[in-house]
Every structure is written in C-alpha cells, then in structure tokens.
Colleague: 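Shown below is the structure under consideration.
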Amino acid sequence: MTYTAEKPDPAESSEQLRARIPGWGVDLDPKDRPSFPREQLIEDRTGAHWDFPERQAGGERRERSIEHGMLPPVFGTVAPLHGVSGVLRRLAYRKYSEAHTLHWLLLVAGDRVDSLGSSVTSVLRGKPDNPLTETGILIEPRAHGLSSRLGRNRVDVKHQWMDPLIVGTPWVLRAGVVYLAVRGLRRGR
Amino acid sequence: MQAMVYRGPYRIRVEEKDIPRIEHPNDAIIRVTLAAICGSDLHLYHGMLPDTRVGTTFGHEFIGVVHEVGSSVQNLKVGDRVMVPFNIFCGTCFYCARGLYSNCHNVNPNATAVGAIYGYSHTAGGYDGGQAEYVRVPFADVGPALIPDWMADEDAVLLTDATATGYFGAQLGDIAEGDTVVVFGAGPVGLSAALSSWLMGAGRVIVIDHLDYRLEKARTMAHAETCNFGEYDDIVVHLKRLTDHLGADVAIDAAGAEADGGFLQHISSSKLKLQGGSPVAVNWAIDSVRKGGTVSIMGAYGPLFSQVKLGDAVNKGLTLRMNQCPVKRQWPRLFEHVKNGYIRPSDMVTHRIPLEHIAEGYHMFSAKLDGCIKPLIVPSAS
C-alpha cells in the first residue's frame with residue numbers, strides 16, 4: 001500500500017515465476033550481469049595487441065570535432081566533404097563544438113543541400129531519382145497497407161499523412177525551379 | 001557490389017559500389033550473409049540525425065564471412081563465419097579499457113559524444129554499414145567474434161544489437177527480486193528488455209505500445225502484461241493504478257527518438273527535426289516510475305536537445321541510466337542464455353527481404369505494415 005510502509009506484494013511469488021518463465025532469476029545476482037560493475041579496468045582487451053592503434057593513412061583533410069585533441073587513429077572514409085554541403089559541414093566542424101546548437105543546425109542544413117544537390121547531379125549522370133521506387137511505397141498493396149492501418153487504434157496513423165508531403169515538397173520545389181528556369185530562358189530569346 | 005544507398009529523407013536505393021578495401025592494417029572486409037534493419041535506422045531514414053550524407057550505406061546489424069584481412073590481423077582468417085557488434089572500438093582507449101566499448105575515443109573524429117557505429121551517419125564516424133554485399137570492419141581483432149557452430153544465423157544477427165541492447169537496458173535498471181518493470185516500446189529492443197527483466201528477477205513486467213500485434217508478441221514471447229496506450233486517456237495514471245499508486249520500480253525506454261503518444265512532440269521531432277527526439281517515452285518513464293526508482297534509456301536519440309522533464313526526475317530522486325550498448329561485453333553471458341533457450345532472438349523476425357528490395361523493406365518497417373517487427377536483409381551474393 002503506497003501510503004503505508006510496506007511494498008505491495010507481487011501477484012506471483014518467485015517460486016511461481018521460476019516455474020512459469022524459463023530462466024527466471026538466473027541473473028538475479030548482479031555479479032552475473034556482464035555490465036556490473038559499471039567502470040572498472042579490465043584485463044581482457046578483447047583481442048587488441050597494441051597500447052595505441054596504428055594510424056590510418058589519409059587523414060590530412062578529414063574533418064573532426066574541435067572537442068577532439070587530435071584526429072583519432074581510425075575513421076570512416078565514406079562520402080567525403082564536397083560542394084556547397086561540404087562548405088556548410090566544414091564550417092560546422094571548424095567553428096562550433098558539439099555543445100553549440102549551431103554546429104548541429106549547420107550539419108542539418110548541409111544534409112538538405114546534399115540531398116537536393118545529389119538529385120540534380122543524378123539526372124546529369126543519367127541515374128535520376130525515382131521517388132516511387134526509392135520510397136518503397138509500391139509495397140503498400142502487398143503489405144496490406146490499408147488493413148494494417150485502419151481500425152487498429154494506431155496512434156501513428158494521425159501523422160503518417162504528412163510523410164508524402166515531406167518527401168514530395170522538395171520535388172515540387174525542384175519542378176518549380178526548372179519551370180522558372182525554362183520560362184526565363186524562353187523569354188530571354 | 002550491390003549496396004543500399006541513402007538519397008535523402010524517406011528515399012533509399014540499391015546502387016553498384018566498389019567493394020571496400022583495407023584502409024588500416026587491422027581492417028577486415030566481410031562478405032555479408034545476413035543483415036537487419038534496426039528501429040534506429042529509421043531515424044536516419046527519416047533524416048533525423050545530423051550529417052547523414054547522401055551515398056552512405058546504412059546497417060549496423062550484420063553477420064558474414066571474412067573475405068580479406070589486413071596485415072596486422074591475428075585473430076581472424078579468410079573464411080571465418082563472424083558476427084560483428086554494432087560498435088566500432090579499439091579495445092585499448094580509456095573507455096574500452098573499462099568495458100565501455102560503445103564510447104570508444106579512437107574511432108570517431110566527428111563527435112566526442114558518441115562512439116562509432118557502422119552505417120550510422122558521420123556523426124557516428126562516417127563508416128559504411130552492412131546493408132550491402134561487403135563491408136569494411138575496422139579493428140577486426142577486437143570487435144567481431146566467431147559464430148558458435150550451434151548458433152543459428154538469425155539469432156546471431158540479432159545479437160549484434162537488438163537483443164544485446166535490450167539485455168543491457170534491463171541491467172541498467174538495476175532490477176532487484178520482485179521489482180515491477182515497465183517497458184515502453186514493444187519493438188525488438190523492448191521485447192528483449194522485457195524478457196531479460198525476468199532473468200534478473202523481476203516480479204512483474206508490463207510492456208506499453210500502441211501496436212496490438214507487437215503487444216501480442218510481448219505477451220507470447222516475453223511473458224509480459226501489456227497495455228495499449230492508445231486505449232487510455234492517460235497511460236501514466238493507468239500505470240499508477242496498476243501499481244497500487246506507487247509506480248514501477250524500474251522503467252525502460254525502448255522507444256527512442258520517434259516515440260508516439262504526444263502529437264506535437266512527435267511532429268516537432270520526427271517531422272520538423274526541431275528536437276533530438278520525441279521525449280514522450282522518456283517522460284512517461286519518469287512520471288510512471290516510483291520515487292527513488294530507476295529509468296533506463298535504451299532508445300536512440302539525436303544530438304539536439306529534447307524536452308525532457310528533468311524537474312520531475314529531480315524531485316522524485318530518480319536514477320537515470322543510459323548508454324549505447326557495449327555489445328561484446330554482453331556476449332559471453334548472452335550466448336549462455338541463448339544456448340539454454342532462455343532467450344530466442346529469432347522469434348522476433350517477421351520478414352526476410354532481398355537486398356535489391358530494401359527500399360520496400362524500409363517503408364514497410366517505417367509504416368508498421370504487415371505485422372512487421374524485425375525485417376532481415378539478405379544480400380544476393382549470400
């Protein structure tokens with residue numbers, strides 16, 4: 001009872017739970033839990049045979065958080081900085097720490113510029129984006145899109161209608177830009 | 001090789017990419033035989049994590065066969081069948097030396113606040129992930145482990161994140177015998193956390209979600225009581241009633257950045273990206289746990305701020321515990337639990353999708369269609 005000292009009795013005793021649920025209580029002792037204790041120097045280096053790892057080559061222009069004292073010895077090399085999005089991202093890394101909101105907002109802006117720019121370059125490279133296949137919506141009839149959503153008291157159905165707007169708005173904007181550019185060229189003639 | 005490639009929010013496609021090459025003497029190249037889409041991949045897919053670059057391949061849950069090893073690799077050889085934890089870690093930095101592999105300081109130039117994760121944006125280090133035919137695995141002597149002969153591939157791939165994370169989340173709850181545990185979210189992490197809570201001696205486990213098919217799985221697989229929060233005006237009040245108005249001893253957030261249940265919170269985070277994540281599940285956890293209780297946060301969140309109710313947490317004297325799971329630290333004990341049949345990760349698998357149809361898999365998982373709980377990705381080369 002909450003308003004007195006005793007903790008409410010559980011509906012089932014430990015013996016009943018042990019009989020009903022396979023493995024109940026096998027990790028009851030914290031010492032059997034692999035994350036206990038939280039921080040303690042451990043002997044097992046899980047296979048490492050170095051004190052400090054050898055440095056990966058090619059990090060001269062690799063962007064890094066200014067909260068790091070140096071470039072860590074190993075890093076990812078996917079999608080290096082390029083173009084306008086690269087300028088925004090490099091500014092975020094060079095000028096603002098992770099503690100600064102502007103750091104993250106610049107990175108988000110870089111993401112949006114990257115996405116828009118890559119759609120344009122994909123057309124120029126002959127591999128244009130296809131919103132129908134890339135969004136995966138063609139699976140809707142096979143995955144029972146309507147019956148999965150309707151009459152099931154799902155909370156997310158209240159906002160799923162926004163998703164096509166999020167995906168579609170940049171395409172509408174792109175179409176508008178192309179239209180204005182073509183119209184401008186025609187008038188120029 | 002074929003690889004999933006990010007094109008922008010809600011858009012991915014399969015492209016031909018070069019097979020990754022050895023970039024460091026302790027790298028290995030793994031031929032992926034099975035991968036999975038994680039619920040946290042959806043945050044990337046929806047464009048929620050800053051510095052998610054076009055051209056990146058997602059996927060931090062994968063297993064495979066060693067295809068090539070760097071000159072300093074001693075513990076793996078070509079042809080080994082391996083499972084790879086989602087954390088990339090060096091094994092010897094300040095954090096790794098203390099078992100905090102998910103906080104490794106030697107692998108992520110882009111941020112100090114997070115370690116490195118395969119295929120999880122440049123904020124997590126800028127590495128490609130395993131939703132591809134091949135993947136580069138740094139520190140091959142440290143992270144990967146041989147898959148035991150008795151272990152099925154579908155169990156192994158889920159042990160690389162979802163099951164280990166749920167098990168870790170229950171541990172951070174500091175569960176004592178007879179405790180009442182509430183788990184928010186009945187996805188793979190929540191199901192694993194609920195099941196793990198019993199192993200640690202919980203007296204009662206209650207799982208909260210709004211998807212009935214997932215709650216059904218929580219009842220059958222994780223032996224839990226369930227509540228569909230969509231059926232209650234106020235799920236916190238309902239949980240107080242269920243717990244004699246005391247509150248749960250432990251609450252586990254297994255929902256993360258796109259938690260539903262608060263329309264404006266969801267919109268401002270998932271759609272408008274104005275928060276690092278929807279704090280609905282965390283706030284429900286804070287409010288529904290008893291004073292002096294523990295909240296374990298396993299859901300993934302972005303680096304921007306979220307509107308978390310710290311005042312309630314302070315005034316209730318709560319312990320808040322959280323981290324990305326240091327996966328390999330969990331494995332020896334988890335392997336025992338899987339071998340003994342206490343945990344069967346593959347019970348959560350609902351779909352197996354060829355890599356070339358991965359865009360449809362993402363949409364199905366994101367929109368929660370066809371009873372989807374855990375989709376696996378099968379590369380054509382496998």
Colleague: Which value, rounded to the nearest 0.5 Å, describes the distance between Arg11(B) atom CZ and Asp129(A) atom CG?
Modeller: 4.5 Å
Colleague: Is the shortest side-chain heavy-atom distance between Glu360(B) and Arg142(A) below 4.5 Å?
Modeller: yes
Colleague: Quick one: what part of Pro9(B) sits under 4.5 Å from any heavy atom of chain A, side chain, backbone, both or neither?
Modeller: both
Colleague: Please classify the contact of Pro73(A) with chain B as side chain, backbone, both or neither, using a heavy-atom distance under 4.5 Å.
Modeller: both
Colleague: Do the non-hydrogen side-chain atoms of His363(B) and Glu140(A) ever get within less than 4.5 Å of each other?
Modeller: yes
Colleague: Mind checking the OG-CE spacing from Ser270(B) to Met162(A)? Nearest 0.5 Å is all I need.
Modeller: 10.0 Å
Colleague: Could you tell me which portion of Ser35(A) (side chain, backbone, both or neither) has an atom closer than 4.5 angstrom to a non-hydrogen atom of chain B?
Modeller: both
Colleague: Looking only at heavy atoms, which two atoms of His24(B) and Val74(A) are closest? And how far apart?
Modeller: CD2-CG2, 3.6 Å
Colleague: For Thr112(B) and Ser65(A), which heavy atoms make the closest approach, and how far apart are they?
Modeller: CG2-OG, 4.4 Å
Colleague: Measuring heavy-atom distances to chain B, does Ile137(A) have an atom under 4.5 Å in its side chain, in its backbone, in both, or in neither?
Modeller: both
Colleague: Between Trp198(B) and Arg20(A), is there a cation-pi geometry (under 6.0 Å to ring centre, at most 45° from the normal)?
Modeller: yes
Colleague: At a 4.5 Å cut-off on heavy atoms, which part of Glu336(B) comes close to chain A: side chain, backbone, both, or neither?
Modeller: neither
Colleague: Examine whether an atom of Leu81(A) lies under 4.5 Å from a heavy atom of chain B, and if so say whether it belongs to the side chain, the backbone or both; otherwise answer neither.
Modeller: both
Colleague: For Gly76(A) and Arg136(B), which heavy atoms make the closest approach, and how far apart are they?
Modeller: CA-NH1, 4.3 Å
Colleague: Do the charged groups of Asp156(A) and Lys368(B) touch, with an N to O distance under 4.0 Å?
Modeller: no
Colleague: Would you say Lys271(B) and Leu165(A) make side-chain contact, with heavy atoms under 4.5 Å?
Modeller: no
Colleague: Is the ring pair Phe263(B)/His159(A) parallel, tilted or perpendicular, if the boundaries are 30 and 60 degrees?
Modeller: tilted
Colleague: Is there a side-chain contact between Pro109(B) and Leu71(A) in this structure, where contact means two heavy atoms from C-beta onward sitting under 4.5 Å apart?
Modeller: yes
Colleague: Does a side-chain N-to-carboxylate-O contact under 4.0 Å join Asp111(A) and Arg53(B)?
Modeller: no
Colleague: Could you tell me whether Lys158(A) and Asp260(B) make a salt bridge, using a distance below 4.0 angstrom between a side-chain N and a carboxylate O?
Modeller: no
Colleague: Are the charged groups of Arg154(A) and Asp209(B) less than 4.0 angstrom apart, N to O?
Modeller: no
Colleague: Could you tell me which portion of Ala202(B) (side chain, backbone, both or neither) has an atom closer than 4.5 angstrom to a non-hydrogen atom of chain A?
Modeller: backbone
Colleague: Tell me which of these, Thr101(A), Asp51(A), Leu106(A), Thr77(A), has more heavy-atom pairs under 4.5 Å with chain B than the rest.
Modeller: Thr77(A)
Colleague: Return the CD to OG1 distance between Glu98(A) and Thr123(B), rounded to the nearest 0.5 Å.
Modeller: 8.5 Å
Colleague: Side chain to side chain donor-acceptor pair (under 3.5 Å), that's the test. Do Tyr93(A) and Asp51(B) meet it? Break it down for me.
Modeller: CA-CA 11 Å; Tyr93(A) 284 109; Asp51(B) 210 358; 2.5 Å; yes
Colleague: Contact part of Tyr10(B) toward chain A, heavy-atom cut-off under 4.5 Å: side chain, backbone, both or neither?
Modeller: both
Colleague: Quick one, His337(B) and Asp27(A) - any side-chain contact, counting heavy atoms below 4.5 Å?
Modeller: yes
Colleague: To the closest 0.5 Å, what do you measure between OG (Ser71(B)) and CD (Glu54(A))?
Modeller: 6.5 Å
Colleague: Pick from Arg89(A), His144(A), Glu12(A), Glu39(A): which one has the most heavy-atom pairs with chain B under 4.5 Å?
Modeller: Arg89(A)
Colleague: For Glu63(A), which atoms come within 4.5 Å of any heavy atom of chain B: side chain, backbone, both, or neither?
Modeller: both
Colleague: Is it the case that more than 12 heavy atoms not belonging to Phe52(A) sit under 6.0 Å from its CZ atom?
Modeller: yes
Colleague: Is it the side chain or the backbone of Arg18(A) that comes within 4.5 Å of chain B heavy atoms, both, or neither?
Modeller: neither
Colleague: Donor-acceptor check, side chain of His122(B) to backbone of Val78(A), threshold 3.5 angstrom: yes or no?
Modeller: yes
Colleague: Nearest 0.5 angstrom please: Thr135(A) OG1 to Arg7(B) CZ, how far?
Modeller: 13.5 Å
Colleague: List the atom of Trp24(A), the atom of Gly201(B), and the distance in Å for their closest heavy-atom pair.
Modeller: CZ2-O, 3.4 Å
Colleague: Most heavy-atom pairs under 4.5 angstrom with chain A, which of Ala116(B), Cys372(B), Gly55(B), Ala367(B)?
Modeller: Ala367(B)
Colleague: With the side chain counted from C-beta on, respond yes when Gln56(A) and Asp27(B) share a heavy-atom pair under 4.5 Å apart, and no when they do not.
Modeller: no
Colleague: Can you tell me which of Met70(A), Glu134(A), Arg112(A) forms the most heavy-atom pairs within a distance under 4.5 Å of chain B?
Modeller: Glu134(A)
Colleague: Distance-only, no hydrogens or angles: does the Arg204(B) side chain make a donor-acceptor pair with backbone N or O of Pro10(A) under 3.5 Å?
Modeller: no
Colleague: State, with a plain yes or no, whether a side-chain heavy atom of Pro8(A) is found less than 4.5 Å away from one of Thr243(B).
Modeller: no
Colleague: Between Ala11(A), Gly110(A), Pro53(A), Gly59(A), which has the largest tally of heavy atom pairs under 4.5 Å with chain B?
Modeller: Pro53(A)
Colleague: Do you know which of Val107(B), Asp179(B), Asn228(B) has the most heavy-atom pairs under 4.5 Å to chain A?
Modeller: Val107(B)
Colleague: In terms of heavy-atom pairs under 4.5 Å with chain A, which of Leu211(B), Asn340(B), Asp212(B), Thr56(B) leads?
Modeller: Leu211(B)
Colleague: Just give me the residue among Asp32(A), Val26(A), Leu17(A), Leu138(A) that pairs up with chain B most often, heavy atom to heavy atom, under 4.5 Å.
Modeller: Val26(A)
Colleague: With a 4.5 angstrom heavy-atom cut-off, is it the side chain or the backbone of Ala143(A) that approaches chain B, or both, or neither?
Modeller: both
Colleague: Are Asp174(B) and Phe36(A) close enough that some pair of their side-chain heavy atoms sits under 4.5 Å apart?
Modeller: no
Colleague: Return the option, out of Arg62(A), Arg64(A), Arg55(A), with the maximum number of heavy-atom pairs under 4.5 Å with chain B.
Modeller: Arg62(A)
Colleague: Select one option (side chain, backbone, both, neither) describing which atoms of Ser13(A) are under 4.5 Å from chain B's heavy atoms.
Modeller: neither
Colleague: Considering only heavy atoms, which portion of Cys90(B) lies under 4.5 Å from any heavy atom of chain A: side chain, backbone, both, or neither?
Modeller: both
Colleague: What pair of heavy atoms forms the shortest contact from His68(A) to Asn108(B), and how long is it?
Modeller: NE2-O, 2.8 Å
Colleague: If you measure from CZ on Phe75(A) to CD1 on Ile88(B), what distance do you get to the nearest 0.5 Å?
Modeller: 12.5 Å
Colleague: Counting heavy-atom pairs closer than 4.5 Å to chain A, which one of Arg290(B), Glu258(B), Gln74(B), His357(B) comes out on top?
Modeller: Gln74(B)
Colleague: Give the intermediate values and the outcome of ring-ring contact (aromatic ring centres under 6.0 Å, His included) for residues Phe139(B) and Trp50(A).
Modeller: CA-CA 11 Å; Phe139(B) 294 118; Trp50(A) 48 79; 5.4 Å; yes
Colleague: Hey, which of Met364(B), His245(B), Gln330(B), Glu23(B) has the most heavy atom pairs under 4.5 Å with chain A?
Modeller: Glu23(B)
Colleague: Quick check on side chain to side chain contact (heavy atoms under 4.5 Å, CB included): which of Thr92(B), Asn26(B), Val142(B) does His49(A) satisfy it with?
Modeller: Asn26(B)
